[in-house]
Amino acid sequence: MSNFHQRVYEAVKRIPKGKVCTYGCIALMAGSPKASRVVGYALHHNPDPKNIPCHRVVNRQGRLAPSFAFGGAEIQKQLLEYEGVKVSDDGIVDLNIYMDWIKFN
DNA sequence: TATTTGACGATTT
DNA sequence: CAAATCGCCAAAT
């Protein structure tokens with residue numbers, strides 16, 4: 001298994017409950033700031049759905065991935081709200097609020 | 001080894 | 001504001 005995917009998985013697992021992270025951010029933590037695409041690719045494989053909260057991962061706009069297909073954007077929205085994340089009707093989250101945990105990493 | 005592809009990002013039209 | 005385009009990187013075939 002490639003070290004890169006491994007890094008991505010660990011990074012996603014590190015996301016605190018009630019917080020979210022962007023693909024680019026995970027890519028940055030994984031060691032490649034530009035590999036945001038690969039992050040999505042890795043999560044798409046999702047070898048460990050029970051430990052990998054993909055619903056906490058959103059795109060740069062704080063918007064739920066349009067091509068998201070793990071059950072529908074509504075599901076992700078509900079999951080995030082259940083964890084205390086405010087989600088707009090369009091499925092937009094406040095990155096300014098939920099990205100602040102990153103500076104502690 | 002080379003080509004294709006994809007849960008993205010940022011910029012331009 | 002929405003669609004199109006280019007750039008980026010690694011995995012899959």
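Numbers restart at 1 for each chain; the letters A, B, ... are given by sequence-line order, proteins then strands.
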Heavy atoms from C-beta onward define the side chain here; which of C/dA10, B/dC8, C/dA11 lies closest to that of A/Val38?
C/dA10
Quick one, A/His55 and A/Leu80 - any side-chain contact, counting heavy atoms below 4.5 Å?
yes
Between P of B/dA7 and CG of A/Leu79, the distance in whole Å:
20 Å
Toward the 5' end of DNA chain C, which comes first, A/His5 or A/Arg37, by nearest nucleotide?
A/Arg37
For A/Gln61 and B/dC8, give me the distance from atom CD to atom P, rounded to whole Å.
11 Å
Report the distance from atom CG of A/Asn59 to atom P of B/dG6, rounded to the nearest whole Å.
18 Å
Is the backbone N or O of A/His5 less than 3.5 Å from a side-chain atom of A/Tyr41, with the two atoms forming a donor-acceptor pair by type?
no
In whole Å, what is the span from the CE atom of A/Met29 to the P atom of C/dC9?
18 Å
Of the listed nucleotides (B/dC8, C/dC9, C/dA12), which one gets closest to any side-chain atom of A/Tyr41?
C/dA12
Closest non-hydrogen atom pair, A/Pro33 against A/Gly31:
CD-O, 3.7 Å
How long is the line joining NE2 of A/His44 and C1' of C/dC9, in whole Å?
18 Å
Taking 4.0 Å as the cut-off, does a side-chain nitrogen or oxygen of A/His45 come that near to OP1 or OP2 on B/dA7?
no
Please pick, from C/dC9, B/dA7, B/dC8, the nucleotide with the shortest atom-to-atom distance to any side-chain atom of A/Asn46.
B/dA7
Counter-base of C/dC1, judged by Watson-Crick or G-U geometry with both distances under 3.5 Å
none
Quiz question: going by heavy-atom distance under 3.5 Å, is there a donor-acceptor pair between the base of B/dG9 and the side chain of A/Arg60?
no
Here the distance between atom C1' of C/dA11 and atom CG of A/Leu43, to the nearest Å, is 14 Å
Give the rounded distance in Å between these two atoms: CZ of A/Arg63 and P of B/dG9.
12 Å
Among the nucleotides B/dA7, C/dA10, C/dA11, which one has an atom lying closest to any side-chain atom of A/Ser32?
C/dA10
Taking A/Ile92's backbone N and O only, do any of them form a donor-acceptor pair with A/Asp90's side chain (distance below 3.5 Å, no angle check)?
no
Contact summary for A/Val20 and A/Trp101, nearest pair of heavy atoms:
O-NE1, 3.2 Å
Rounded to whole Å, how long is the line connecting atom CG of A/Asp90 with atom C1' of C/dC1?
13 Å
Does A/Ser2 have a side-chain nitrogen or oxygen under 4.0 Å from the phosphate oxygens OP1 or OP2 of C/dA10?
no
